[in-house]
Amino acid sequence: MIIPKLKIKIIALGKIKEKFLKEGINEFLKRLTPYASVSILELNPIEIKDENLTDKVLLEEGEKILSNIKPQDYVITMEIKGKQFSSEEFAKEIEEITNDGTQEIVFVIGSSCGIGKNVSDRSNLKMSMSKMTFLHQFARLILVEQIYRAFKIIKGETYHK
């Protein structure tokens, strides 16, 4: 089934500093153009000066994140304990979400400390990229590549396996 072009927003805490990561992310954003309108919103994380205040800071960051999410948005949070998908399963999930009439999917990548309970509670789907640990900034590159791969799978187009 061919899904309509939808909007995808990635809300991420922190900026990408490494040139090679920016270039990789931009390449996949460009490749995604025929399939979806994808935007990235970078929010500044709050510096944690006292580890005892981590949960409080995550809730504050969560309020900033939630202020950029509409009630009708389908929210997918990237969480360590979230559901893991193969690329094919992820493509099927995106297709099903879209077929249900969703017009915008919002992916949330929290800070290196995670995301607040308030954002997790708003999430429609909690997703984990892997059991492995990645550098926080790599998550954005991996996510945009997997979104691109999902659309290639949905459309039945070839892409590197």
Side-chain angles (χ1 to χ4, degrees), residues 3 6 8-29 31-32 35-36 38 40-43 45-48 51-62 64-66 68-69 73-100 102 104-155 157-161:
I3 62 173
L6 84 149
I8 295 175
K9 180 175 9 178
I10 299 170
I11 300 175
L13 284 157
K15 297 198 180 304
I16 300 290
K17 296 177 181 85
E18 290 83 1
K19 183 180 176 189
F20 76 96
L21 285 174
K22 286 180 186 177
E23 289 172 351
I25 291 165
N26 288 334
E27 176 62 29
F28 284 107
L29 290 176
R31 291 183 189 190
L32 275 162
Y35 307 106
V38 183
I40 297 177
L41 174 62
E42 292 181 332
L43 300 176
I46 300 169
E47 185 181 346
I48 299 175
E51 294 298 318
N52 295 321
L53 300 175
T54 300
D55 289 340
K56 181 178 183 284
V57 168
L58 290 177
L59 289 174
E60 287 177 38
E61 288 176 344
K64 289 198 296 189
I65 292 167
L66 291 171
N68 290 284
I69 296 173
D73 290 343
Y74 191 95
V75 178
I76 301 174
T77 49
M78 310 311 294
E79 301 190 36
I80 291 170
K81 294 181 180 175
K83 183 175 180 178
Q84 293 183 20
F85 295 94
S86 68
S87 294
E88 293 78 13
E89 291 167 340
F90 181 58
K92 186 172 189 251
E93 191 74 24
I94 295 292
E95 188 173 28
E96 288 175 2
I97 292 166
T98 308
N99 287 342
D100 286 343
T102 297
E104 185 164 7
I105 299 173
V106 177
F107 289 89
V108 178
I109 303 172
S111 67
S112 57
C113 294
I115 61 169
K117 184 178 180 328
N118 51 353
V119 177
S120 184
D121 288 348
R122 168 60 180 88
S123 178
N124 298 91
L125 173 64
K126 295 161 185 47
M127 186 171 111
S128 172
M129 291 186 177
S130 172
K131 290 180 183 180
M132 300 174 103
T133 302
F134 302 113
L135 289 173
H136 183 69
Q137 293 189 342
F138 279 41
R140 203 175 313 177
L141 175 59
I142 294 167
L143 179 60
V144 293
E145 189 279 335
Q146 285 298 304
I147 294 169
Y148 173 70
R149 185 180 295 271
F151 279 103
K152 296 295 271 186
I153 292 168
I154 292 166
K155 301 280 188 177
E157 299 171 358
T158 58
Y159 182 57
H160 180 71
K161 294 181 179 185

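Only this structure's heavy atoms are used, side chains among them; waters, hydrogens and symmetry mates stay out. This structure is a prediction, so every number in the text was calculated from the model and none was measured.
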Shortest non-hydrogen contact from [X] to [Y]?
{"X": "I11", "Y": "V106", "result": "CD1-CG1, 3.6 Å"}
{"X": "N118", "Y": "L59", "result": "ND2-O, 3.1 Å"}
{"X": "I8", "Y": "A36", "result": "CD1-CB, 4.0 Å"}
{"X": "R140", "Y": "A12", "result": "NH2-CB, 3.4 Å"}
{"X": "E42", "Y": "I16", "result": "OE2-N, 3.6 Å"}
{"X": "I94", "Y": "T98", "result": "O-OG1, 2.8 Å"}

Note, [X] side chain near [Y] side chain (heavy atom, < 4.5 Å):
{"X": "K117", "Y": "L58", "answer": "no"}
{"X": "R31", "Y": "V144", "answer": "no"}
{"X": "Y35", "Y": "E157", "answer": "yes"}
{"X": "D100", "Y": "I97", "answer": "no"}
{"X": "I76", "Y": "N124", "answer": "no"}
{"X": "L141", "Y": "F134", "answer": "no"}
{"X": "I147", "Y": "I105", "answer": "no"}

Results of ring pair (Phe, Tyr, Trp, His ring centres under 6.0 Å) for Y148 - residues two or more places apart only | F28, Y159
So with a 6.0 Å cut-off around CD1 of I80, is the heavy-atom count from everything else above 12?
-> no
For the side chain of [X] and the backbone of [Y], is there at least one donor-acceptor N/O pair under 3.5 Å apart?
{"X": "E79", "Y": "L125", "value": "no"}
{"X": "T77", "Y": "S120", "value": "no"}
{"X": "E61", "Y": "I46", "value": "yes"}
{"X": "K9", "Y": "N68", "value": "yes"}

Pairwise distance [atom1]([X]) to [atom2]([Y]) - rounded to 0.5 angstrom:
{"X": "L29", "Y": "I40", "atom1": "CG", "atom2": "CD1", "value": "4.5 Å"}
{"X": "Q146", "Y": "F85", "atom1": "CD", "atom2": "CZ", "value": "11.5 Å"}
{"X": "Y74", "Y": "L6", "atom1": "OH", "atom2": "CG", "value": "12.5 Å"}
{"X": "D73", "Y": "L66", "atom1": "CG", "atom2": "CG", "value": "11.0 Å"}

Restricting to pairs with a member in residues 80-92, which pass salt bridge (charged side-chain N to carboxylate O under 4.0 Å, His left out), not counting sequence neighbours?
-> K92-E96
Sorted by first residue and then second, give each salt bridge (charged side-chain N to carboxylate O under 4.0 Å, His left out) pair with at least one member in residues 122-132; sequence neighbours left out.
->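 For residues 122-132: none.
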Side chain to side chain donor-acceptor pair (under 3.5 Å) filter on T54, not counting sequence neighbours, yields none
Tell me, please, which residues at least two apart from E104 pass side chain to side chain donor-acceptor pair (under 3.5 Å).
->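 By the side chain to side chain donor-acceptor pair (under 3.5 Å) rule, E104 matches K70.
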Only one of L43, V57, I48, L13 clears side-chain contact (heavy atoms from CB on, under 4.5 Å) with S111; which?
-> L13
List the atom pairs, donor and acceptor, that lie under 3.5 Å between side-chain atoms in residues 17-25 and the rest of the protein, sequence neighbours left out.
none

Would you please test K64 and E60 for salt bridge (charged side-chain N to carboxylate O under 4.0 Å, His left out) and show each step?
-> CA-CA 7 Å; K64 289 198 296 189; E60 287 177 38; over 6 Å; no
